[in-house]
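Remarks on the structure that follows.
Chain letters run A, B, ... following the sequence lines, proteins first and then strands; every chain starts at 1.
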Protein chains: 2
Amino acid sequence: MGNPLPRDPIADAQRNWERHGWGDVAAPMAAITAIMRTQQILVARIEGVLKPFGLTFARYELLALLSFARSGALPMNKASALLQVHPTSVTNAVDRLEKAALVVRSPHPTDGRTTLIELTSEGRTLSKRATTALNAEVFGQSGFGDDDVEHLIRILGSFRRDAGDFTDA
Amino acid sequence: MGNPLPRDPIADAQRNWERHGWGDVAAPMAAITAIMRTQQILVARIEGVLKPFGLTFARYELLALLSFARSGALPMNKASALLQVHPTSVTNAVDRLEKAALVVRSPHPTDGRTTLIELTSEGRTLSKRATTALNAEVFGQSGFGDDDVEHLIRILGSFRRDAGDFTDA
DNA sequence: GCAATATACTAGGACATCCAACCGTTTGGA
DNA sequence: TCCAAACGGTTGGATGTCCTAGTATATTGC
């Protein structure tokens, strides 16, 4: 999307904040902006790896989640909660995965409101292949040192807990 | 979008990775997933603060960028490069900001291909008010400790440089 | 000087995300 | 028992992001 800039635009923004008398919040602003940009870079890498499999990140996450469920099936609302996305986003992803024959919808045996999402065997196979690719091409070459990974997990874990994502640990 | 989960879903995913024999990349996977989720939480907070101003994050970023330009004007392509988003995303944002009378498009004096985006006085005022709100309600209460902020800036700065965002420092 | 190439922006399309509203199903209290 | 409230999912709409292609203007090279 472009060549490298001569200067770090986020460091520049931080300097602008300080120059305008907002020095007290300039550093957190820079950290937050850096998280945004890093996420953008990571999504682009991940989507690049998944494209040959005909998957997007959202659909991959759903497949991976199902592949870890004992039965290979989960209620929609459970998937929504675990992936921490809006229920309508799950509806959307399931629609497309179902069209691709990677999952099927089935009624819940006892609760008439609930729909179960179930992995097909093609879905399970594709999930495994995509995970192997991601492990090799993204997670295995994250660009973060071991210490940095530990720092990130700790710092962001605290943040997510404080934000109300979960209650344990 | 939901109540807190009893357990950290990302820590669970990391355990699943280890259980499947991918222990060598489980930690980076968890760190990357945590960045994704953190970004999502932060965007939601920011959009919540900006909504009363009739702004989205994308539009705010453009206004803020313009407000730091000496003349209050920038070429579209410059804005695209500094915000590190696709040119069509800038076109989209400018369309809406222009409709809201917060910016205006004007032709470049010497290069007929280039369009300048210029802040109106309403745009400048709104940008200032929105920034004040974000500083108070988001950046000033980020939930990151001072040390964490420094860690994040350093770790993510390295990452972004290695990813080709910029060349200096 | 003119053709070939590069640059700047926009139009249209595919996806994803969220919100608001709606429709069945289930649950719980009067 | 029965109806209101809660729950689970989908539909429709607004935004944003990217990609591909197309138009117009600049720049380069022969």
- What is the distance, rounded to the nearest whole Å, between atom CG of Asn92(A) and atom P of dC18(C)? 11 Å
- Can you find an N or O donor on one side and an acceptor on the other, under 3.5 Å apart, linking the side chain of Ser89(A) with the base of dC18(C)? no
- Query: What is the distance, rounded to the nearest whole Å, between atom CG of Leu83(B) and atom P of dC9(C)?
  - Reply: 13 Å
- Leu82(A) CG to dG8(D) C1', straight-line distance once rounded to whole Å: 16 Å
- Message: When you measure from the side-chain N and O atoms of His108(B) to the phosphate of dA8(C), is any distance below 4.0 Å, counting only OP1 and OP2?
- Response: no
- Message: Rounded to whole Å, please give me the gap between CZ in Arg113(B) and C1' in dA8(C).
- Response: 6 Å
- Correct closest heavy-atom pair for Ala31(B) and Leu156(A) would be O-CD1, 4.4 Å
- Query: Can you tell me how far C1' of dT15(D) sits from CG of Leu97(B), to the nearest Å?
  - Reply: 13 Å
- Message: Of the options dT20(D), dT10(D), dC9(C), whose atoms approach the side-chain atoms of His86(B) most closely?
- Response: dT20(D)
- Do any N or O atoms from the side chain of His86(B) and from the backbone of Thr88(B) form a donor-acceptor pair under 3.5 angstrom? yes
- Note on the structure: Of all heavy-atom pairs linking Ala34(A) and Arg160(B), the shortest is CB-NE, 4.1 Å
- Message: Under 4.0 Å, heavy atoms only, any strand: does Thr114(A) hit a base, just the sugar-phosphate, or nothing?
- Response: sugar-phosphate
- Query: Looking across every strand, which nucleic acid part, if any, lies under 4.0 Å from Thr56(A) by heavy atom: base, sugar-phosphate, or nothing?
  - Reply: sugar-phosphate
- dG9(D) OP1/OP2 closer than 4.0 Å to side-chain N/O of Arg105(A): no
- Query: Between the side chains of Thr131(A) and Tyr60(A), does any donor sit under 3.5 Å from an acceptor?
  - Reply: yes
- Would you mind reading off the distance between Leu55(B) atom CG and dT15(D) atom P, rounded to a whole angstrom? 12 Å
- Note on the structure: Note: for Phe57(A) and Thr91(B) on DNA chain C, the residue whose nearest nucleotide lies more 5' is Thr91(B)
- With a 4.0 Å cut-off, would you call Asp8(A) and Arg161(B) a salt bridge? no
- Which part of the nucleic acid does Thr115(A) contact within heavy-atom distance under 4.0 Å: base, sugar-phosphate only, or nothing? sugar-phosphate
- Item | d(CD, Gln84(B); C1', dG16(D)) in whole Å | 17 Å
- What's the CZ-P distance between Arg96(B) and dG13(D), to the nearest Å? 16 Å
- With the side chain of Thr88(A) defined as its heavy atoms from C-beta on, choose the nearest nucleotide among dC9(C), dT25(D), dG12(D). dG12(D)
- Query: Between dG9(D), dT17(D), dT17(C), which nucleotide gets closest to the side-chain atoms of Met76(A)?
  - Reply: dG9(D)
- Counting side-chain heavy atoms from C-beta on, which of dC19(C), dT26(C), dG16(D) comes nearest to Arg59(B)? dG16(D)
